[in-house]
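Everything quoted here is computed from the prediction, not taken from an experiment.
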Amino acid sequence: MNKSIIMNNILLCPPDYFTVIDTKNPYMNREQSTNLDLAKKQWNTLLEIYQNLKKQGHISEVHILTPVQGLEDMVFCANQVFPFQDKNNNRHVILSNMKYPSRQREVPYFEQFFREKDYQVHTLPKEYCFEGMGDLILHNHTLFGGYGYRTDKNVYAYIQKITQMPVVPLELKNPYFYHLDTCFLPLHDHTLLIVQEAFTSQDIEKLKSHFYDIFFVPEEEAKQYFSLNAHVFTSPLTQKYFAILQKGDTLTKSILQQKNYTIFEVDTSEFMKSGGSVFCMKMAYW
């Protein structure tokens, strides 16, 4: 594998102001209180895993973004931008047009971070919503783009032009899987884990031309454990495979073990109250 296509830097944001104050997806319930001390403990456990992987050389950088009071969802770092490399390995980032005003205010802080990293910054037409790596996933030089709840389908024509990469639009039709990263998990060997109930039958047929093996993870398992919201990646140092995911899952974990992933199980139960787990809580970049 070409090391240049491995995103082996990690950006995290502490949950200092994390809480649930409105309803942006079916998991969020203002009547269900969040435990900030527990959330910080869970986040620190995830941070420690990434820091240990860095010490071992599997990750190049772990950067902590300063949280901002009043931005309770800023801990979910996967949504504010989409970083990519062009064919000459130049680094770019597309800024998100977040659906909800409270999350729109997060984007400038991520823009500043990537400008300081000398990324070329791209914007999209304001009339189209787009939520970064939550809905756009790069795999084998192809972009897979979810739309329907947080991202508009029409935005992908602009993204394809900016990135010069093919985009496969995928309609999301189940509100519990409102972002693509909750129901779509590609692995290193053209294998895909997917929640069948989240997609149209036409799109599932479309995906068969891109993946050799497709595993259907039960809807209830994916909802209860956010099992497809895992972070899977390849070490540029050893070419070994790693996966970080919510504890308690069975099928997804067994598939990852079969595919030779080293697995780290974590508890993200506080963050699941807001509709996110491991993948949502980090931004991978070059």
Task: Backbone N/O of T268 and side chain of S277: donor-acceptor pair under 3.5 Å - done: no
TODO: May I have the step-by-step check of salt bridge (charged side-chain N to carboxylate O under 4.0 Å, His left out) for R91 and D86, ending in yes or no?
DONE: CA-CA 7 Å; R91 301 185 301 172; D86 62 26; over 6 Å; no
TODO: Measure from the ring center of H58 to the ring center of F242 and say whether it is less than 6.0 Å.
DONE: yes
Task: Under 3.5 Å donor-acceptor, T238 side chain and S235 backbone - done: no
- [ ] Considering only NZ, NE, NH1 and NH2 on the basic side and carboxylate oxygens on the acidic side, decide whether K247 and D249 come within less than 4.0 Å.
- [x] no
Task: Co-membership, hydrophobic cluster, residues I59 and I244, 4.5 Å side-chain - done: yes
Task: Aromatic ring proximity, centroids under 6.0 angstrom, H139 and F211 - done: yes
Open item on the list: Looking at N174, is its backbone amide N or carbonyl O close enough to the side chain of E197 to form a donor-acceptor pair, meaning the two atoms are under 3.5 Å apart?
Closed with: no
Open item on the list: Pairing donors with acceptors under 3.5 angstrom, does anything connect the side chains of S269 and Q42?
Closed with: yes
Open item on the list: With clusters defined by side-chain heavy atoms of hydrophobic residues (ILVMFWY) lying less than 4.5 Å apart, directly or transitively, does Y100 cluster with F177?
Closed with: no
- [ ] Could you please spell out the steps behind the salt bridge (charged side-chain N to carboxylate O under 4.0 Å, His left out) verdict for E270 and K40?
- [x] CA-CA 9 Å; E270 286 303 300; K40 290 179 178 179; over 6 Å; no
TODO: Check step by step if ring-ring contact (aromatic ring centres under 6.0 Å, His included) holds for F130 and Y158.
DONE: CA-CA 11 Å; F130 170 64; Y158 295 91; over 10 Å; no
Open item on the list: Closer than 3.5 angstrom, by distance alone: can the side chain of T34 be matched with the main-chain N or O of L36 as a donor-acceptor pair?
Closed with: no
Open item on the list: So that I know where these two stand, are Y178 and Y149 an aromatic pair - ring centroids less than 6.0 Å apart?
Closed with: no
Task: CA sep, side-chain torsions, deciding dist, call: K206, D203, salt bridge (charged side-chain N to carboxylate O under 4.0 Å, His left out) - done: CA-CA 5 Å; K206 186 193 307 181; D203 280 349; 3.0 Å; yes
Open item on the list: Would you say NZ of K153 has more than 12 non-hydrogen atoms from neighbouring residues, nucleotides or ligands within 6.0 angstrom?
Closed with: no
Task: Stepwise side-chain hydrogen bond (donor to acceptor under 3.5 Å, both in side chains) test for E131 and H179 - done: CA-CA 8 Å; E131 299 216 344; H179 272 157; 2.8 Å; yes
Open item on the list: Please tell me whether H63 and F113 form a close aromatic pair, meaning their ring centres lie under 6.0 Å apart.
Closed with: yes
TODO: Give a yes or no on whether the ring-centroid distance for Y261 and F233 is below 6.0 angstrom.
DONE: no
- [ ] Write out all pairs satisfying side-chain hydrogen bond (donor to acceptor under 3.5 Å, both in side chains) with one or both partners inside residues 46-55, taking only residues at least two apart or from two chains.
- [x] Y50-H231
Task: ring-ring contact (aromatic ring centres under 6.0 Å, His included) between F226 and Y27, worked out - done: CA-CA 11 Å; F226 278 71; Y27 300 97; 4.7 Å; yes
